[in-house]
Amino acid sequence: MKTVGVPCFTVLMDNYICQGCGFHLQVGESYVIEVHHLEPLSATWERETKIEKLVSLCPTCHRIAHLRSTPYSVEEIRGVRGA
C-alpha cells in the first residue's frame, strides 16, 4: 500500500483498522488497508480532499462500499457485515 499526504494520515488516525468491520492485518511492514472517499471524487470534482471526507476500509468493505452508484456509508457497511 502506498500512502501519501492526507490518505496516509487517515490510516494512521484509524490505526490501520477497517472502520467498517474492525479488520486489521499487517504483512511484514505493510498493512492491508485502503482509504475510501466518503464523497466520490466524481460527484464533487474537488482536487483536494479533507481528512474528514476519508475513512480506512479493508479491501472487502471497500468493495462493498462501491457496489452501488451512491456508495454505502460506513454505518451501512457495518450493518451488512454485522459489525
- Task: Please answer whether the main-chain N or O of Gly28 pairs with a side-chain N or O of Gln26 as donor and acceptor at a distance below 3.5 Å.
- Result: yes

- Got Tyr16 and His24 here, is their nearest side-chain heavy-atom distance under 4.5 Å? yes

- Measure the shortest side-chain to side-chain distance between His66 and Tyr72 over non-hydrogen atoms and say whether it is less than 4.5 angstrom. no

- Item | pair Val32-Pro59: side-chain heavy atoms closer than 4.5 Å | yes

- Message: Counting C-beta onward and ignoring hydrogens, is there a side-chain heavy-atom pair between Leu38 and Val55 closer than 4.5 Å?
- Response: yes

- Item | Pairwise side-chain contact, Tyr31 with Leu25, heavy-atom cut-off 4.5 Å (strictly under) | no

- Sub-4.5 Å side-chain heavy-atom contact between Arg78 and Gln19: yes

- How many angstroms lie between CZ in Phe23 and OG1 in Thr60, if you round to the nearest 0.5 Å? 7.5 Å

- Output yes when Glu76 and Arg81 qualify as a salt bridge under the 4.0 Å nitrogen-oxygen rule, no when they do not. no

- Is Ile33 close to Leu57 at the side-chain level, that is, under 4.5 Å between some pair of heavy atoms? no

- Message: Quick check for you: to the nearest 0.5 Å, what is the distance between Ile64 atom CD1 and Ile77 atom CD1?
- Response: 6.5 Å

- Query: Hey, does Cys18 have a side-chain heavy atom less than 4.5 Å from the side chain of Ser56?
  - Reply: no

- Common cluster, Leu54/Leu12, ILVMFWY with side-chain heavy-atom separation under 4.5 Å: yes

- Query: Within the side chain of Glu39, is there an N or O that forms a donor-acceptor pair under 3.5 Å with the backbone of His37?
  - Reply: no

